[in-house]
Amino acid sequence: MSNAIHITTARKIIDSGDPIDLKVWKKDGSVMALHRCVGLRYNFRNGTRTIKVLASREIRTIHDVCIFEVNGLSVFL
C-alpha cells in the first residue's frame with residue numbers, strides 16, 4: 001500500500017483547489033473517471049461534495065465514500 005492514501009488526505013487534496021483526477025463509483029456500480037476537476041463545496045451532513053470538471057464546466061455531486069482513486073493514488077477508509 002505504498003501508493004495509497006487515507007480518505008482524510010484525499011479530502012485535503014480535493015479541497016486544495018488544484019486540478020485533480022478522480023475515479024468514483026456511481027450508483028449502478030460503474031466507474032466514473034473525472035479528469036482535471038476541482039472541488040467546490042463539501043456538505044458534512046450528507047457526506048457529499050460538489051466537483052467541477054474544468055474542460056466541460058460540468059458540475060457533479062459525489063459521495064466521499066465512493067471515491068476510490070485520486071491522482072492515481074488508491075484511497076482507503
Side-chain angles (χ1 to χ4, degrees):
M1 292 190 68
S2 62
N3 57 350
I5 56 174
H6 193 262
I7 187 69
T8 57
T9 308
R11 287 178 181 150
K12 290 177 185 175
I13 292 171
I14 295 169
D15 291 337
S16 69
D18 296 330
I20 57 169
D21 295 333
L22 286 176
K23 286 190 181 177
V24 297
W25 287 300
K26 292 173 32 175
K27 185 188 288 188
D28 62 356
S30 62
V31 174
M32 176 174 53
L34 301 168
H35 301 288
R36 292 193 36 83
C37 58
V38 292
L40 300 177
R41 284 183 215 95
Y42 175 64
N43 186 338
F44 179 76
R45 186 172 297 236
N46 295 337
T48 60
R49 68 178 58 247
T50 306
I51 300 291
K52 181 177 184 178
V53 181
L54 296 177
S56 64
R57 297 187 179 181
E58 177 183 16
I59 295 179
R60 291 192 154 269
T61 301
I62 59 173
H63 289 272
D64 274 0
V65 296
C66 294
I67 299 171
F68 68 91
E69 190 173 304
V70 175
N71 288 338
L73 302 171
S74 298
V75 176
F76 64 90
L77 299 177

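Heads up: numbering here begins at 1 and tracks the sequence.
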Any side-chain heavy atom of [X] within less than 4.5 Å of one from [Y]?
X     : Y     : answer
Leu40 : Ile51 : no
Ile5  : Ser74 : no
Lys52 : Arg57 : yes
Ile20 : Leu34 : no
Glu69 : Val75 : no
Ile67 : Ile62 : yes

Tell me whether [X] shares a hydrophobic cluster with [Y], the cluster being built from Ile, Leu, Val, Met, Phe, Trp, Tyr side chains joined at under 4.5 Å.
X     : Y     : result
Leu77 : Ile13 : yes
Tyr42 : Ile14 : no
Val24 : Leu73 : yes

For Ser30, is there any backbone N or O sitting under 3.5 Å from a side-chain donor or acceptor partner on Asp28?
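Side chain of Asp28 to backbone of Ser30: a pair is present.
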
Option passing side-chain hydrogen bond (donor to acceptor under 3.5 Å, both in side chains) with Arg49 (candidates Asn43, Thr61, Asp64):
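In the set Asn43, Thr61, Asp64, the residue that makes a side-chain hydrogen bond (donor to acceptor under 3.5 Å, both in side chains) with Arg49 is Asp64.
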
What are the two closest heavy atoms between Ala10 and Val70, and how far apart are they?
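Reported closest heavy-atom pair: CB-CG2, 4.0 Å.
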
Please work out whether the ring planes of His6 and Phe76 are parallel, tilted or perpendicular, with thresholds of 30° and 60°.
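Ring orientation, 0 to 90° scale: perpendicular.
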
Give, for atom SG of Cys66 and atom NZ of Lys26, the distance between the pair rounded to the nearest 0.5 Å.
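With rounding to 0.5 Å, SG (Cys66) is 12.0 Å from NZ (Lys26).
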
NZ/NE/NH1/NH2 to OD/OE distance under 4.0 Å, Arg36 and Asp21
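So Arg36 does not pair with Asp21 through a salt bridge.
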
Quick check on Arg60: does its CZ atom have over 12 non-hydrogen neighbours (other residues, nucleotides or ligands) under 6.0 Å away?
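For Arg60, atom CZ is not crowded (no more than 12 foreign heavy atoms under 6.0 Å).
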
